[in-house]
Enquirer: 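One structure follows; several queries about it will come next.
Counting starts at 1 for both ligands and their atoms, following the listed order. Scope of the values below: all heavy atoms of this structure, side chains included, with no hydrogens, waters or symmetry mates.
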Amino acid sequence: MGIEFVDLFNQWASSYDETVGGSDPEYQEVFAGYDEMLQELANMASSPVLEFGVGTANLTKKITAQNKVVIGVEPSEEMRKIANVKCPEAAIYSGDFINFPPLEMPIRSIVSSFAFHHLKDQEKRLALKQYYDKLEADGEVIFIDTLFKDEAYKQQLIQDAVQKGHLNLAQDLQEEFYPFLEDLEQMFLQLGYEVSFKQLNKFAWLIHAKKGE
Ligand SMILES: C[S@@+](CC[C@H](N)C(=O)[O-])C[C@H]1O[C@@H](n2cnc3c(N)ncnc32)[C@H](O)[C@@H]1O
């Protein structure tokens with residue numbers, strides 16, 4: 001579910017690491033501080049970790065470097081091929097945020113970077129509900145993704161992108177399913193999580209949700 005973008009990611013896989021490294025001027029601000037952001041998330045994760053949308057395994061690698069166990073899930077075959085070469089320490093399966101292989105160990109952290117926005121709101125809720133049921137009692141969801149503080153901020157980001165001639169970015173901001181902070185907060189709270197948000201750059205936020213008492 002929510003994997004209508006997989007063809008695009010198959011095509012993007014071979015140049016993905018260049019994009020996050022700043023090669024595409026349109027997306028430089030989206031990925032500003034990419035390595036540091038992923039490192040912050042990796043430091044917070046508790047083993048065993050379940051990661052969705054691993055892409056080329058940049059976050060995966062930072063987590064396994066801390067001797068934490070990672071089970072990865074990634075729908076794009078081309079991304080998986082690169083991830084397996086870059087991070088053979090992790091077990092990376094075909095699947096998505098909602099449909100993934102059965103877990104054979106208790107999971108303490110569910111993590112993801114720059115991927116959750118591929119799900120529509122109803123799919124986000126379904127995924128987060130499943131995670132609540134699957135996580136250990138002290139478990140947590142830790143995501144990094146673009147989200148909008150409010151409607152005015154969204155319009156400002158779109159306007160900025162248009163003014164800079166970043167028309168692909170402007171289109172993404174309008175067409176992908178980036179959530180509003182308040183809607184996402186409500187979703188987590190209604191499902192029983194405690195949640196906090198921290199802005200990391202102009203677009204990206206760290207979302208940290210713990211299973212409530
Ligand atoms: C922008 S990349 C992020 C990759 C990596 N996490 C990172 O931080 O660089 C988004 C990734 O999410 C994957 N993806 C797309 N739809 C997905 C879904 N429904 N479930 C899980 N992953 C998905 C894509 O194939 C792609 O690898």
Side-chain angles (χ1 to χ4, degrees), residues 1-24 26-45 49-65 70-87 90-101 103 109-131 134 141-147 168-169 171-173 175-179 200-201 203-207:
M1 270 175 101
I3 53 166
E4 49 271 58
F5 303 101
V6 165
D7 281 349
L8 189 139
F9 283 106
N10 279 330
Q11 288 161 30
W12 192 9
S14 60
S15 62
Y16 182 78
D17 283 349
E18 289 163 29
T19 307
V20 296
S23 69
D24 182 346
E26 289 216 35
Y27 289 89
Q28 273 171 4
E29 287 185 314
V30 173
F31 292 115
Y34 176 78
D35 268 325
E36 293 77 9
M37 292 192 273
L38 297 195
Q39 191 61 55
E40 182 169 353
L41 197 166
N43 295 346
M44 290 167 73
V49 179
L50 175 62
E51 181 188 357
F52 289 100
V54 302
T56 59
N58 292 327
L59 173 63
T60 329
K61 192 96 199 127
K62 290 185 191 307
I63 303 175
T64 57
V70 182
I71 299 157
V73 176
E74 166 57 52
S76 153
E77 189 182 353
E78 295 305 317
M79 288 287 192
R80 280 200 310 278
K81 279 186 197 158
I82 296 173
N84 280 320
V85 172
K86 276 172 65 178
C87 192
I92 300 172
Y93 297 96
S94 173
D96 60 57
F97 276 105
I98 294 169
N99 299 300
F100 49 92
L103 301 167
S109 294
I110 295 182
V111 306
S112 180
S113 51
F114 300 101
F116 197 51
H117 63 271
H118 293 306
L119 300 189
K120 300 186 181 89
D121 277 359
Q122 241 181 327
E123 295 168 337
K124 288 186 183 83
R125 185 181 299 275
L126 193 63
L128 295 177
K129 163 118 191 44
Q130 273 196 63
Y131 305 161
K134 286 192 178 4
V141 173
I142 318 170
F143 288 168
I144 290 174
D145 208 358
T146 288
L147 60 81
N168 292 314
L169 175 61
Q171 189 175 351
D172 280 357
L173 292 171
E175 292 184 356
E176 297 211 15
F177 312 121
Y178 301 113
L200 300 176
N201 70 20
F203 295 89
W205 291 68
L206 179 71
I207 303 152

Enquirer: May I ask you to say whether Lys81 pairs ionically with Glu78, meaning some side-chain N is under 4.0 Å from a carboxylate O?
Expert: yes

Enquirer: Report, as yes or no, whether the 6.0 Å neighbourhood of atom OH on Tyr93 holds more than 12 heavy atoms from other residues, nucleotides or ligands.
Expert: no

Enquirer: Indicate yes or no: does an N/O atom of Thr56 lie under 3.5 Å from an N/O atom of ligand 1?
Expert: no

Enquirer: If the contact criterion is a heavy-atom separation under 4.0 Å, does Leu59 count as touching ligand 1?
Expert: no

Enquirer: Could you tell me which residues satisfy ring-ring contact (aromatic ring centres under 6.0 Å, His included) with Phe143, sequence neighbours excluded, listed by chain and number?
Expert: Phe116

Enquirer: Only heavy atoms count here, so choose which of Tyr16, Phe100, Phe52 is nearest to atom 4 (C) of ligand 1.
Expert: Tyr16

Enquirer: Tell me which part of Pro75 gets within contact of ligand 1: side chain, backbone, both or neither, using heavy atoms under 4.0 Å.
Expert: side chain

Enquirer: I want to know if ligand 1 touches Leu119 in the polar sense, i.e. an N/O pair below 3.5 angstrom.
Expert: no

Enquirer: Check each of Phe143, Phe31, Phe9, Phe114 against atom 26 (C) of ligand 1 and report the one with the nearest heavy atom.
Expert: Phe9

Enquirer: Any atoms of ligand 1 less than 4.0 Å from a non-hydrogen atom of Ser76? List them with their elements.
Expert: 25 (O)

Enquirer: Any N/O of Gly53 closer than 3.5 Å to an N/O of ligand 1?
Expert: yes

Enquirer: Using only heavy-atom distances, determine whether the side chains of Lys62 and Asn43 contain a donor-acceptor pair under 3.5 Å.
Expert: no

Enquirer: For Val54 and Glu74, work out which heavy atoms get closest and say how close.
Expert: N-OE1, 3.3 Å

Enquirer: What atoms of ligand 1 come within less than 4.0 Å of a heavy atom belonging to Tyr34?
Expert: 7 (C), 8 (O), 9 (O)

Enquirer: How would you list, by chain and number, every residue that makes a side-chain hydrogen bond (donor to acceptor under 3.5 Å, both in side chains) with Tyr131, sequence neighbours excluded?
Expert: none

Enquirer: Evaluate the ring-ring contact (aromatic ring centres under 6.0 Å, His included) criterion for residues His117 and Phe203: first the C-alpha distance (whole Å), next the side-chain angles of each, then the deciding distance (0.1 Å), finally the verdict.
Expert: CA-CA 12 Å; His117 63 271; Phe203 295 89; over 10 Å; no

Enquirer: Please work out which of Ser113, Ala115, Gly95 has its closest non-hydrogen atom nearest to atom 8 (O) of ligand 1.
Expert: Ser113

